[in-house]
Amino acid sequence: EEEDERRKLDINPIEHILRFAMGIQSVSGTFSRNEGILLPGYGQTSRWAGFDDNLKAPGILFLVGHQNTDVFGDRNSDFAMDAAQQGWLVQQPYLNQSYTETFTENFNIRMNIEPIKHFKIELTANRSTSRNHQSFFRYDEDTEDWVYESPNETGNFTATVMSWPTAFMDDDEEYNSEVWDDLLLNRLVISSRLNEETFNMDEPNPTGYYQGWGPTSQDVAIPAFLSAYLGVDPETIALDVMKAPVAPNWRVTYDGLSKIPSLKKTFRRFNLTHTYRSTMSTSYTTNLQYTEENGLPTAEDNGGYSNYISERQFNTVSITEQLSPLIGLDMTIKTASDNEPQVKVEITRDRNVSFGLSNYQITETKSKGIVIGVGYKFANVRNPFMKTYGKLPIKMFKETDFLIRCDINIRDNSTVIRKMVERQNQVTAGQTLVSIKISGDLEISDKITLRAFYDQQITKAKISTSFNTSNINSGVAIRFNLTQ
């Protein structure tokens with residue numbers, strides 16, 4: 001007996017590692033990068049495979065598609081200035097056609113894993129970056145040099161992120177949250193890191209922030225926001241939001257419960273599902289007030305903290321998180337007849353967070369819900385309209401199926417505005433919604449289906465400016481099928 005028990009407890013880790021590795025069903029991914037340069041004033045004539053007569057302009061790298069970026073997409077060269085210094089451009093100080101650079105990069109990856117039979121995991125991750133630079137690149141007769149006049153750049157960034165560590169942190173009675181407190185404290189850490197990378201001053205101001213990197217600095221607030229809501233250490237979070245860490249999202253399904261002998265007798269189908277999606281997005285434009293010297297910012301704003309003006313002005317930074325469902329259950333119960341009772345239960349959680357950089361306010365909308373659906377089919381029911389058999393130009397069924405469906409949806413949501421400067425939390429919207437839907441469908445012929453329904457919507461408001469409501473919609477519907 002001791003040997004049998006020892007044999008049962010014997011676990012071979014290599015066997016489980018190999019089984020998991022072999023559970024990878026498929027891996028697919030795409031990476032694309034599109035770049036372009038439009039340079040007005042090019043004065044050379046293309047002769048041989050794009051080269052000029054001297055086989056120099058515009059250069060072999062440009063002809064094979066090389067742009068102003070390195071393999072990571074960072075700008076590391078300036079073709080327009082190089083062409084000007086080579087004498088390939090027309091020295092026209094009144095050139096009115098804009099110089100343009102475009103950059104678009106997309107990355108997607110998908111992996112399907114089945115570590116154990118009937119247990120499937122789908123992992124997805126993606127990132128999308130785009131930039132568009134426009135200016136007037138022309139010769140300045142006063143300085144006798146080439147200059148970029150009226151430069152302007154816009155960009156967008158979207159990526160899947162991991163906000164799971166803070167997904168289940170709820171607000172207290174005053175709608176304050178631990179995430180919000182972390183955001184306020186993380187600004188001190190980010191201010192210190194920015195000071196170390198720039199001017200490296202010895203001591204901070206009496207407020208705890210270093211000169212130029214105050215609590216309302218865009219360069220301070222955005223990394224602090226990401227570190228708080230993503231649950232990342234502020235000492236390691238990327239200071240550039242465009243380099244935010246990309247993380248996978250997932251969908252998990254398990255349909256093996258109905259294969260277990262003890263459950264197989266009861267359930268025809270028994271599926272479990274779980275889905276997690278989280279995406280961060282932002283956009284920016286060039287800040288025309290930005291100035292620098294030796295790569296360090298010099299211009300300061302007029303606020304109380306005299307923050308350095310950022311090179312890029314971000315409008316909003318948003319995080320959209322969906323656990324839809326957090327837990328999902330879908331069952332079909334076996335019966336002795338052809339009736340198929342169905343039960344579906346889903347628990348969901350959603351969170352949308354938008355950080356506005358114009359007023360330094362966070363708009364946070366949270367939602368929790370539960371959906372319960374029950375369906376039942378009465379098979380081989382005698383058709384109550386058989387008395388009209390032969391009296392109407394349609395074929396009546398002697399026996400038919402009667403389908404009953406009941407769905408109950410309970411959802412609670414609230415919208416809170418968090419003011420960073422005032423350190424206040426204010427509820428601006430919210431309600432508890434209860435939806436009850438009951439329906440019955442009876443197919444009385446091959447052309448006619450009779451349906452009775454009842455639909456009630458009940459809302460209970462969370463703020464005094466909204467009212468509690470209740471709406472009921474019920475009736476009988478007849479559907480005609482005119483197809484042959």
Side-chain angles (χ1 to χ4, degrees), residues 3-33 105-128 158-168 230-233 236 243-280 319-334 340 342-351 369-371 373:
E3 292 181 0
D4 293 340
E5 186 176 354
R6 197 183 304 108
R7 192 178 299 113
K8 291 180 181 178
L9 296 177
D10 186 18
I11 299 176
N12 188 346
I14 298 178
E15 177 184 352
H16 291 278
I17 293 173
L18 292 176
R19 181 178 298 176
F20 182 84
M22 295 177 65
I24 299 177
Q25 302 294 312
S26 64
V27 179
S28 62
T30 60
F31 177 83
S32 64
R33 178 183 292 180
E105 184 179 274
N106 293 292
F107 168 77
N108 297 277
I109 189 170
R110 181 186 302 271
M111 178 184 294
N112 291 300
I113 307 173
E114 191 172 357
I116 61 176
K117 196 173 183 180
H118 306 298
F119 184 74
K120 300 177 181 178
I121 304 174
E122 181 184 75
L123 300 175
T124 57
N126 60 75
R127 183 189 64 201
S128 177
T158 303
T160 55
V161 294
M162 176 68 71
S163 55
W164 179 271
T166 63
F168 301 95
L230 299 184
V232 179
D233 188 348
T236 60
K243 296 182 180 180
V246 179
N249 294 168
W250 60 79
R251 174 178 173 81
V252 180
T253 60
Y254 182 65
D255 57 1
L257 292 176
S258 59
K259 310 297 189 297
I260 300 175
S262 59
L263 298 177
K264 189 175 182 180
K265 300 177 182 179
T266 306
F267 299 99
R268 187 183 306 276
R269 184 178 72 249
F270 198 142
N271 297 341
L272 299 177
T273 58
H274 163 69
T275 303
Y276 175 78
R277 296 282 185 270
S278 184
T279 304
M280 189 272 289
I319 297 176
T320 302
E321 181 185 67
Q322 293 180 332
L323 288 160
S324 182
L326 173 61
I327 300 175
L329 183 150
D330 190 0
M331 298 182 300
T332 300
I333 303 174
K334 285 184 177 180
E340 293 185 351
Q342 298 177 354
V343 179
K344 184 176 182 180
V345 179
E346 286 188 352
I347 300 176
T348 61
R349 291 178 70 104
D350 300 328
R351 179 173 59 162
I370 181 171
V371 179

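In what follows, every heavy atom counts, from backbone to side chain, and hydrogens, waters and symmetry copies are set aside. The structure presented is a predicted model; accordingly, all values stated were derived computationally and were not measured.
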Atom pair [atom1]/[atom2] of [X] and [Y] - distance to nearest 0.5 Å:
X    : Y    : atom1 : atom2 : answer
K120 : N112 : NZ    : CG    : 9.0 Å
I347 : S324 : CD1   : OG    : 12.0 Å
T320 : M280 : OG1   : CE    : 11.0 Å
I333 : T266 : CD1   : OG1   : 8.5 Å
Y254 : E114 : OH    : CD    : 10.5 Å
F267 : L257 : CZ    : CG    : 8.5 Å

Do [X] and [Y] come close enough that some side-chain heavy atom pair is under 4.5 Å?
X    : Y    : value
N271 : T253 : no
L272 : L329 : yes
R351 : T166 : yes
I121 : L123 : yes
Y276 : R349 : no
T348 : V371 : no

Please evaluate residues F119 and V252 with respect to the criterion side chain to side chain contact (heavy atoms under 4.5 Å, CB included), reporting the C-alpha separation (whole Å), side-chain torsions for both, the decisive distance (0.1 Å), and the verdict. CA-CA 7 Å; F119 184 74; V252 180; 3.6 Å; yes
Not counting sequence neighbours, which residues clear side-chain contact (heavy atoms from CB on, under 4.5 Å) with I109? List them please.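 I109: side-chain contact (heavy atoms from CB on, under 4.5 Å) contacts with F107, A125.
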Donor-acceptor contact present, side-chain [X] to main-chain [Y], <3.5 Å:
X    : Y    : result
N249 : S278 : yes
H274 : L326 : yes
T160 : A247 : yes
K265 : K334 : no
R268 : M331 : no

What do the steps show when you test T30 against N106 for side chain to side chain contact (heavy atoms under 4.5 Å, CB included), and what is the final call? CA-CA 8 Å; T30 60; N106 293 292; over 6 Å; no
Can you check side chain to side chain contact (heavy atoms under 4.5 Å, CB included) on F168 and L323, steps first, answer last? CA-CA 11 Å; F168 301 95; L323 288 160; 4.0 Å; yes
Looking only at side-chain N and O atoms, does R251 offer a donor or acceptor that is under 3.5 Å from a partner on T275?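 Yes, R251 and T275 have a side-chain donor paired with an acceptor closer than 3.5 Å.
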Does E105 have any salt bridge (charged side-chain N to carboxylate O under 4.0 Å, His left out) partners at least two apart in sequence or in another chain, and if so, which?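 In terms of salt bridge (charged side-chain N to carboxylate O under 4.0 Å, His left out), with neighbours along the sequence ignored, E105 is linked to R33, R127.
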The criterion is salt bridge (charged side-chain N to carboxylate O under 4.0 Å, His left out); which residues satisfy it with R269, sequence neighbours excluded?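 With sequence neighbours excluded, R269 shows a salt bridge (charged side-chain N to carboxylate O under 4.0 Å, His left out) to D330, given in chain and number order.
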So which heavy atom on S163 is nearest to which on E321, and how close?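 Here S163 and E321 meet closest at OG-OE2, 2.7 Å.
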Closest approach of P245 to V161 (non-hydrogen atoms, all atoms of both residues): O-CG1, 3.7 Å
Assign the ring pair W250 / W164 to parallel, tilted or perpendicular, where the plane angle (0 to 90°) is split at 30° and 60°.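 Tilted.
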Counting heavy atoms not belonging to K117, are there more than 12 under 6.0 Å from its NZ?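 Atom NZ in K117 is not packed in, count stays at 12 or less.
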